[in-house]
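Quick notes on the structure that follows.
In this chain, numbering begins with 1 at the start of the sequence shown. Just so it is clear, the structure is predicted and the values come from calculations on it, not from any experiment.
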Amino acid sequence: MTRRTRPPIGARLSGLVAGVETLSQPATTTVPVASLGPGTFQPRVHFDDEALADLARSIREQGILQPLLVRPLPAGTYEIVAGERRWRAAQLAGLDEVPVLIRPLTDAEARMAAAVENLQRENLNVIEEVRARLQVAAATLEVPETDAVARMFALDRHPDSAPEQVEALDRAFGTLGRETWRSFIRNRAAVLNLPSDVQAAVREGLDYRKALVIGRVQDAGERLTLLERTHTGITVQELRALVGSASPRAGAAVDPWVRVSRRLADTRFRSGLDERRRAQVEKLLRQLDALLDG
């Protein structure tokens with residue numbers, strides 16, 4: 001198999017990670033594979049065994065064409081910032097050493113570099129891409145990833161509250177291309193909150209728009225039926241009709257326990273609450289929790 005040479009890391013990170021423009025230089029250092037460890041900020045959680053074996057065969061034939069980006073750790077070891085898949089494949093190929101670029105990156109720079117590097121992959125699935133873009137947003141805003149979506153919703157509602165952060169997000173997502181950060185939080189970011197069975201289907205190629213519709217269904221058995229229907233070419237509109245027909249009839253009473261629990265479980269709904277309403281809801285939840293314990 002012939003692999004296409006990918007753009008230098010530095011060329012892709014330039015403008016997003018300060019101080020790493022020199023990463024476009026060729027690697028002049030190799031380190032033992034045993035001295036390397038997975039990165040803290042790796043957005044990729046699934047490594048396909050067959051794809052790794054394929055890459056390992058290519059590495060045996062051509063070597064590693066793109067060096068790994070690493071940062072030094074105590075005791076002479078290194079953390080992989082970008083290139084964990086190549087490291088894993090190199091071990092399968094029997095390599096003792098791999099080419100690296102060593103840079104003393106901060107946590108923020110390492111997180112950004114790992115995310116951007118993953119976004120360049122051609123076989124990226126939607127879950128991985130969304131997670132990587134969320135990581136870029138979190139690094140840009142200097143907040144934990146768990147708070148990034150809520151922060152972006154707040155900035156979307158009140159951009160004048162932190163214009164410098166809005167500008168930074170515009171610049172970061174503009175560099176990444178494809179979508180704005182506002183489009184991201186309103187559409188694809190929700191895939192990270194889907195049930196595990198629906199996320200698994202997305203990793204296998206299910207259109208995220210269909211996944212978001214199916215993810216609204218609470219019953220796992222009903223979701224399985226709908227997921228099976230996606231193999232027949234069913235459209236998003238047809239899925240919406242099926243899900244809608246299974247909902248309570250218009251005017252029918254909805255169990256308030258079910259209604260409230262669903263809304264509280266919806267991350268997008270919670271993210272849309274302003275600070276005053278969020279504080280009121282949290283106060284009521286504490287009171288309810290105490291009442292139920294009593």
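By the ring pair (Phe, Tyr, Trp, His ring centres under 6.0 Å) test, Tyr208 pairs with no residue at all, sequence neighbours left out. By the side chain to side chain contact (heavy atoms under 4.5 Å, CB included) test, Thr77 is found to be paired with Leu73, residues two or more places apart in sequence or in another chain being considered. Not a single side chain to side chain donor-acceptor pair (under 3.5 Å) links Glu167 to another residue, sequence neighbours left out. Arg71 is linked by a side chain to side chain donor-acceptor pair (under 3.5 Å) to Glu79, Asp107, counting only residues two or more places apart in sequence or in another chain. In terms of the salt bridge (charged side-chain N to carboxylate O under 4.0 Å, His left out) criterion, residue partners of Arg209 (sequence neighbours excluded) are, by chain and number, Asp207. Listed by chain and number, the residues in a side chain to side chain contact (heavy atoms under 4.5 Å, CB included) with Ser196 amount to none (sequence neighbours excluded). By the side chain to side chain donor-acceptor pair (under 3.5 Å) test, Arg188 pairs with Glu129, Glu179, sequence neighbours left out. Every residue two or more places apart in sequence or in another chain that forms a side chain to side chain donor-acceptor pair (under 3.5 Å) with Arg57 is listed here: Asp54. With sequence neighbours excluded, the residues that form a side chain to side chain contact (heavy atoms under 4.5 Å, CB included) with Ile234 are Arg229, Thr230, Thr232, Glu238, Leu239, Leu242. Taking the side chain to side chain contact (heavy atoms under 4.5 Å, CB included) definition, one finds that Ala279 meets it with nothing, sequence neighbours left out.
Looking only at distances, a side-chain donor or acceptor of Ser161 sits under 3.5 Å from a matching main-chain atom of His158.
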For residues 142-154, which side-chain N or O atoms pair as donor and acceptor with protein atoms under 3.5 Å away, sequence neighbours left out?
| from | atom 1 | to | atom 2 | distance (Å) |
| --- | --- | --- | --- | --- |
| Arg151 | NE | Gln165 | OE1 | 3.1 |
| Arg151 | NH2 | Gln165 | OE1 | 2.8 |

Validation: residues 89-102 side-chain donor-acceptor distances under 3.5 Å, sequence neighbours left out:
| from | atom 1 | to | atom 2 | distance (Å) |
| --- | --- | --- | --- | --- |
| Gln91 | NE2 | Trp87 | O | 3.4 |
| Glu97 | OE1 | Thr30 | OG1 | 3.1 |

